[in-house]
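To start, the structure under review is shown below, and the notes come after it.
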Amino acid sequence: MSNDITDARFYVRMTVSIANCIRRDFRPIVVVAVALGLIGLVAGIRSNYAVSTAQLLLTPLPLREATTDDALAKMIGEPLDVITASRLCTSDEALRLTMEQLNSLDEFPGKLEDLSKLRQALTYEVTIVKDTPYETEYSPVLHLRARARTAAEARLMVNTWSEVSVKLAERFQERQQGLARNAFEAQKLALLEDLVEAEEEMEVFLRENNPDYVAERLETLVTLSSTFMEDRAEVEQAIVDAESKYRALQATLESQEPTITLRWTPSGRLMDWAGAPRSTAGEGEEESADLLSQDELNPVYFNILGEAADTQSTAEGKRARLAELDNQLALFAEEMLVLQAENARLQREDHRLKRAAEIVEEAYMEAAVKATFARMASELDQPGIQLLTPGAEWRVPRFRRGITFGIAGAALGFLAAAALSAGLRLVVVPALEASA
């Protein structure tokens, strides 16, 4: 048996046997082949659809980053991502509007009755340009495809779908920017009211108080106190000098006498001529008899006494001046304490009001920038999605697909029927006869 299998004559006998089976069942095999060919022809004709493709481009707003700490430009000016755009294009609202517009067109041959049929005819495709474990980047071009019985019908469907998608993107962008614009406008108006209130409070404070006068008066008192302190130091030094001079004059005055005795002793001849007695003192003894003797005031003593009195008077005047300076400095110090407390209170209140006004003003300016930015974004006539290329009519041969499917079906039917015939006659029937 194994020799028969390996022998080439076995394959020849099998081929002849299969040919005999096909010859015997030729008519049924042909019928099956023709039937499957017709089925393929009909399926090919009925599945002969035309496809039209449109492309949508996601475009950002031409706005720069605002001078704010938050991502305002990203929030308002960033384009739709391709995934969100695809969800928007395939939403129930987009399909409903597309179906309504298609049914309203006179050139659209068929009328759509439900969204499921339209959903099966519409497809989209996104392109990934970068795919890493950390980031996936998509192309900003979204491909929309429509499948229909004719090329004109496919073109109408994909172009209508594109127009509806662009309008929905405009509505999405308008709502997004409108909410931001309204919120920023309301915030700006509220902050403007707070700013006016803060400025009015500062005006009332400046009307009821005079911080500049208090500061200038305090500075004047500081200057006067410094001047008076210098005068006081000079007066103290003058008092010390006068007292030192007075003590020196007193010491000098103690060595002087108030009066001075003047004596005049004439010569012997003059005394003889005058008839005056001569002195009887021996040799070596001083004559003590004076002819004239007179007491006179000592001018040095009285000059020193007058200068000492003047010095003492000057010292007393300086002491009186010192007391007056001390009294004035005490008044200055008392007034300075009051003014320092008042100046500290006014400066604290002034700084508080200015700080509050600056905070509100800064917040108002930031809100104004945001409101202006949002208003500019909403006023720009640029949709987030634009139609890049519309769909076109691609000519599709009407019967090419049917003929191809028919030939393929006929060939497949012939082979299947031939295999079934050979199997029945060569395997199944002999087995049944052997078992009987």
Side-chain angles (χ1 to χ4, degrees), residues 197-265 290 292-361:
E197 183 178 354
E199 291 176 347
E200 290 177 352
E201 186 177 358
M202 184 178 298
E203 181 182 354
V204 172
F205 169 76
L206 293 177
R207 188 168 58 246
E208 295 178 354
N209 302 276
N210 195 345
D212 294 337
Y213 169 76
V214 174
E216 291 177 359
R217 178 57 182 169
L218 184 60
E219 184 178 356
T220 301
L221 287 177
V222 171
T223 304
L224 289 176
S225 297
S226 299
T227 303
F228 277 40
M229 290 294 293
E230 294 176 358
D231 292 345
R232 188 180 186 281
E234 293 178 358
V235 170
E236 283 185 339
Q237 185 62 41
I239 291 175
V240 171
D241 295 341
E243 289 179 348
S244 299
K245 183 178 180 180
Y246 179 75
R247 287 192 297 270
L249 291 175
Q250 285 294 111
T252 305
L253 192 63
E254 290 177 357
S255 63
Q256 296 292 329
E257 294 294 335
T259 58
I260 300 175
T261 302
L262 298 179
R263 294 180 177 86
W264 179 59
T265 303
D290 297 326
L292 294 176
S293 177
Q294 183 180 358
D295 292 335
E296 293 185 357
L297 296 177
N298 187 355
V300 175
Y301 177 84
F302 286 101
N303 288 336
I304 295 174
L305 183 61
E307 188 174 355
D310 292 339
T311 303
Q312 185 177 11
S313 177
T314 301
E316 292 298 329
K318 295 295 184 181
R319 291 190 184 92
R321 174 62 178 167
L322 183 64
E324 181 63 24
L325 289 174
D326 290 338
N327 184 30
Q328 193 65 43
L329 287 173
L331 294 177
F332 287 166
E334 183 179 356
E335 186 178 359
M336 284 174 61
L337 289 176
V338 176
L339 289 177
Q340 285 175 354
E342 181 68 12
N343 185 55
R345 184 188 69 82
L346 293 178
Q347 287 186 357
R348 183 181 66 253
E349 186 68 14
D350 183 63
H351 291 166
R352 184 188 67 81
L353 294 175
K354 287 182 179 179
R355 183 171 59 253
E358 288 175 357
I359 292 175
V360 177
E361 184 178 5

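Keep in mind that the numbers below use all heavy atoms, side chains included, and drop hydrogens, waters and symmetry copies.
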Using distance only, find each side-chain donor-acceptor pair of residues 210-219 under 3.5 Å and give its atom names and separation, not counting sequence neighbours.
residue : atom : partner : partner atom : Å
Asn210  : OD1  : Tyr213  : N            : 3.2
Arg217  : NE   : Glu335  : OE2          : 3.0
Arg217  : NH2  : Glu335  : OE1          : 3.3
Arg217  : NH2  : Glu335  : OE2          : 3.2

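- Applying the salt bridge (charged side-chain N to carboxylate O under 4.0 Å, His left out) rule to Asp350 yields the partners Lys354; only residues at least two apart in sequence or on another chain are considered.
- Among residue pairs with one or both ends in residues 320-345, those qualifying as ring-ring contact (aromatic ring centres under 6.0 Å, His included) are Phe228-Phe332; sequence neighbours excluded.
- Residues satisfying the side-chain contact (heavy atoms from CB on, under 4.5 Å) criterion with Ser244, sequence neighbours excluded, are Val240, Arg247.
- Residues satisfying the side chain to side chain donor-acceptor pair (under 3.5 Å) test with Glu361, not counting sequence neighbours, are none.
- Residues passing the side chain to side chain donor-acceptor pair (under 3.5 Å) test with Glu316, sequence neighbours excluded: Arg319.
- By the side-chain contact (heavy atoms from CB on, under 4.5 Å) test, Arg348 pairs with Arg345, sequence neighbours left out.
- For the side chain to side chain contact (heavy atoms under 4.5 Å, CB included) with Thr220, the lone residue among Thr223, Leu224, Val222 that qualifies is Leu224.
- Within the model, atoms CD of Glu199 and CD of Glu203 stand 9.0 Å from one another, a figure rounded to the nearest 0.5 Å.
- Expressed to the nearest 0.5 Å, how far CD of Gln347 lies from CD of Glu342 amounts to 11.0 Å.
- Under the rule for a salt bridge (charged side-chain N to carboxylate O under 4.0 Å, His left out), Glu358 has no partner lying at least two apart in sequence or in another chain.
- The CD atom of Gln312 lies 13.0 Å from the NZ atom of Lys245; values are rounded to the nearest 0.5 Å.
- To the nearest 0.5 Å, atom CG of residue Asp231 and atom CD of residue Glu324 are 12.0 Å apart.
- Put simply, CG on Leu221 and CG on Leu339 are 5.5 Å apart, with the number rounded to the nearest 0.5 Å.
- Considering only residues two or more places apart in sequence or on other chains, Asp310 meets the side chain to side chain donor-acceptor pair (under 3.5 Å) condition with none of them.
- With sequence neighbours excluded, the residues that form a salt bridge (charged side-chain N to carboxylate O under 4.0 Å, His left out) with Asp326 are Arg232.
- Rounding to the nearest 0.5 Å gives a distance of 10.0 Å between CE of Met336 and CG of Leu329.
- With sequence neighbours excluded, no residue satisfies salt bridge (charged side-chain N to carboxylate O under 4.0 Å, His left out) with Lys318.
- For Glu201, the side chain to side chain donor-acceptor pair (under 3.5 Å) test picks out Arg352, with sequence neighbours left out.
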